[in-house]
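Accompanying notes for the structure given below.
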2 protein chains.
Amino acid sequence: MVSLRQVEAFHAIVEAGSFAAAAQALGTTQPAISKRIVELEADLGFLLFDRGARPPQLTRHGHALLPLCAEMLALRTRMRATLDDPAEYAGQFRIGITELVALTVLPALITRIRARLPRIRLRTEVKLAEDLHQDLLDRRSDMAIAPGPPPGGLLHARKVASLELAWMAGASLGPLPPGPLPAAALARFPLLAQTQRSGLQAVVNEWLLENGQRPQLILACNSLTALSGMTIAGLGIALMPRSQFLPKVASGELRIIETTPPMPRLDYHVLYPASGLEAVAGIVAEEVAAVGPGLG
Amino acid sequence: MVSLRQVEAFHAIVEAGSFAAAAQALGTTQPAISKRIVELEADLGFLLFDRGARPPQLTRHGHALLPLCAEMLALRTRMRATLDDPAEYAGQFRIGITELVALTVLPALITRIRARLPRIRLRTEVKLAEDLHQDLLDRRSDMAIAPGPPPGGLLHARKVASLELAWMAGASLGPLPPGPLPAAALARFPLLAQTQRSGLQAVVNEWLLENGQRPQLILACNSLTALSGMTIAGLGIALMPRSQFLPKVASGELRIIETTPPMPRLDYHVLYPASGLEAVAGIVAEEVAAVGPGLG
DNA sequence: CGAAATTACGGTGCACGTAATTATC
DNA sequence: GATAATTACGTGCACCGTAATTTCG
């Protein structure tokens, strides 16, 4: 029997232009897409694609079927919008966040969301920025609070904070030269960093490259907390959200290294796809924006 | 994610009036239906039924969702109808038949069907009449060629043959009284029969009951061929399609017992549901009708 | 020869059906 | 107390992802 997954796959192939692209768009693999189409063709009793062409061309019947598929998928979206008042939404809502969010505004955010959407079933997952983006695109999450910029025009995006970043060094790292350091001087320190998939690390890479340095990481760790600990221990220097670590600076555990040119700010966005949950997501996004200043 | 099976279940419950009735209509069980609804509600984020009422009442949101579901299911049906020329249909088509059909017109029928629908993938299954009806209702088959009457108004039905039936006795059963036998006299013979789910047996039961006799079967067997063998062997008498066994009568292996009142005729129908394959089924039905006289 | 779809295959999660429980009239 | 839906649970299947194969340009 025809299933929505098959219809979705067919539609995605036509939209994306190839089986492989459709697989990526739907967050699955090429063989899975291929199989869904074979099954759909068997169910319907006619071929949808002419496999003799590259890329596969729609058959006459495939063309005829396409608008029906689009309409069916639109209906699925409209089903979720049937809920006129988002406050009544009692379903699951998955928010992907960074560690920074988890350490700062998450408790306040959850409190605010529950106040406006009392029946919602929240799920949060901490990941690095690029993984959060991918989860959104693959529909594994409904919203992300992450450094931008958003990967494409596919997502609703709203800027919620602009973090001031600063290179930090532990007290035991030895004397620092006075005044702002150029990139070349900075790059001579051991660089501690989150992994390549992190938003902070993207800033580091870009800044170093723009200033003629090759990023050479000494140590990568996916935990910001662990990273700060290693920095304090004098293992190297790390780029971190300035305000979040000001207490450590005041206590003398961390020292701030100014740079020239200065580090850019890191913009946090709330991101969500068009998936029929926009009404709910819009409310959550408002609350994210409200707590945004707490990020730094 | 919302699936067509969930939507189908929801729609069927509203149509049928209860979870249990929907399960029967869809050929599944009550728990399966219940689970699909729970999942659908979880996906959508709102309740569809008020479980506090008996039978469960649609919530406000359930009411709002219903037309979208109906539209989606209608789209699924239209998808199959996308095929404008049924002769191009290259899918599976499952025909349920009785043993009588298999023994008489099946080869001719298959030849004719393949001529008109050259790409079709035919599947045939031999079963007793009641099982054929159930397979149709549960969507396990696409067409049945079986004794009527059809169980409800749910199926397309077309009469394709009217079989003359006759009680038959083997040569070794001993002398028969001359002239037509009343039901009471007939019932004193050992009665051989197909099982209760057979169309022939339904005729026997009804006729005996109408004429004041309790059906008392000596031996039941689901094979008409085996039944005729046992009759020839003198184990008892059996009601069988008259024309099909005329050669055995001519050879003296079988004798015909006329009754009073005479046995009714057994009407064969071609049956198929509304499932989006009507165009194909209509063509197949024409061919069934064309070979119908071959049934007797 | 390279890109892309299909086929093959092993594993896993999900959906089903049976049976027991709960709830409602 | 009876009917109907839910919950619990074990099983089988279907779908997925990895990898190998085939098929085009």
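Owing to the predicted nature of the structure, the values given are computational and were not obtained by experimental measurement. In what follows, chains carry the letters A, B, and so on, assigned in the order in which the sequence lines appear, proteins first and then strands, with residues in each chain numbered from 1.
- Look at Arg51(B) and you won't find any side-chain N or O under 4.0 angstrom from OP1 or OP2 of dT22(C).
- The interatomic distance linking Phe19(B) (CZ) with dT3(D) (P) rounds to 19 Å, in whole Å.
- Distances shorter than 4.0 Å separate some side-chain N or O of Ser34(B) from OP1 or OP2 on dT6(D).
- The residues Arg76(B) and Asp43(A) are annotated as not salt-bridged, no charged nitrogen and carboxylate oxygen being separated by less than 4.0 angstrom.
- Contact check, Thr28(B) against dG17(C): a side-chain N or O comes under 4.0 Å of OP1 or OP2.
- Out of dA5(C), dA5(D), dT18(D), the shortest distance to the side chain of Pro56(B) is found at dA5(D).
- The CG-P distance, from Leu47(B) to dT6(D), rounds to 11 Å in whole Å.
- The separation between Gln24(B) atom CD and dA5(D) atom P is 12 Å, rounded to whole Å.
- Ranking dT6(C), dA5(D), dC16(D) by closeness to the Gln30(A) side chain, first place goes to dT6(C).
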- side chain to side chain contact (heavy atoms under 4.5 Å, CB included) evaluation trace for Gln6(B) with Leu4(A): CA-CA 11 Å; Gln6(B) 293 163 0; Leu4(A) 270 171; over 6 Å; no
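- Side chain of Glu88(A) to backbone of Asp85(A): no donor-acceptor contact under 3.5 angstrom is found.
- For Ala32(A), taking side-chain heavy atoms from C-beta onward, the closest of the listed nucleotides dA5(D), dG17(D), dA5(C) is dG17(D).
- As a whole-Å value, the separation of Ile33(A) CD1 from dT7(C) P is 15 Å.
- For the pair Lys35(B) NZ and dT6(D) P, the interatomic distance rounds to 13 Å; values are reported in whole Å.
- Atom CZ in Arg5(B) sits about 5 Å away from atom P in dC16(C), given to the nearest Å.
- Following rounding to the nearest Å, Ile37(B) (CD1) and dC16(C) (C1') show an atom-to-atom distance of 16 Å.
- The nearest whole Å value for the distance from the CZ atom in Arg36(A) to the P atom in dG17(D) is 8 Å.
- Nearest nucleotide to the side chain of Thr29(B), out of dG17(C), dA15(C), dG17(D): dG17(C).
- The closest donor-acceptor contact from the side chain of Gln57(B) to the backbone of Asp50(B) lies at 3.5 Å or more, if one exists at all.
- Ion pair Arg139(A)/Glu8(A) not flagged as a salt bridge, since none of the NZ, NE, NH1 or NH2 atoms sits closer than 4.0 Å to an Asp/Glu carboxylate oxygen.
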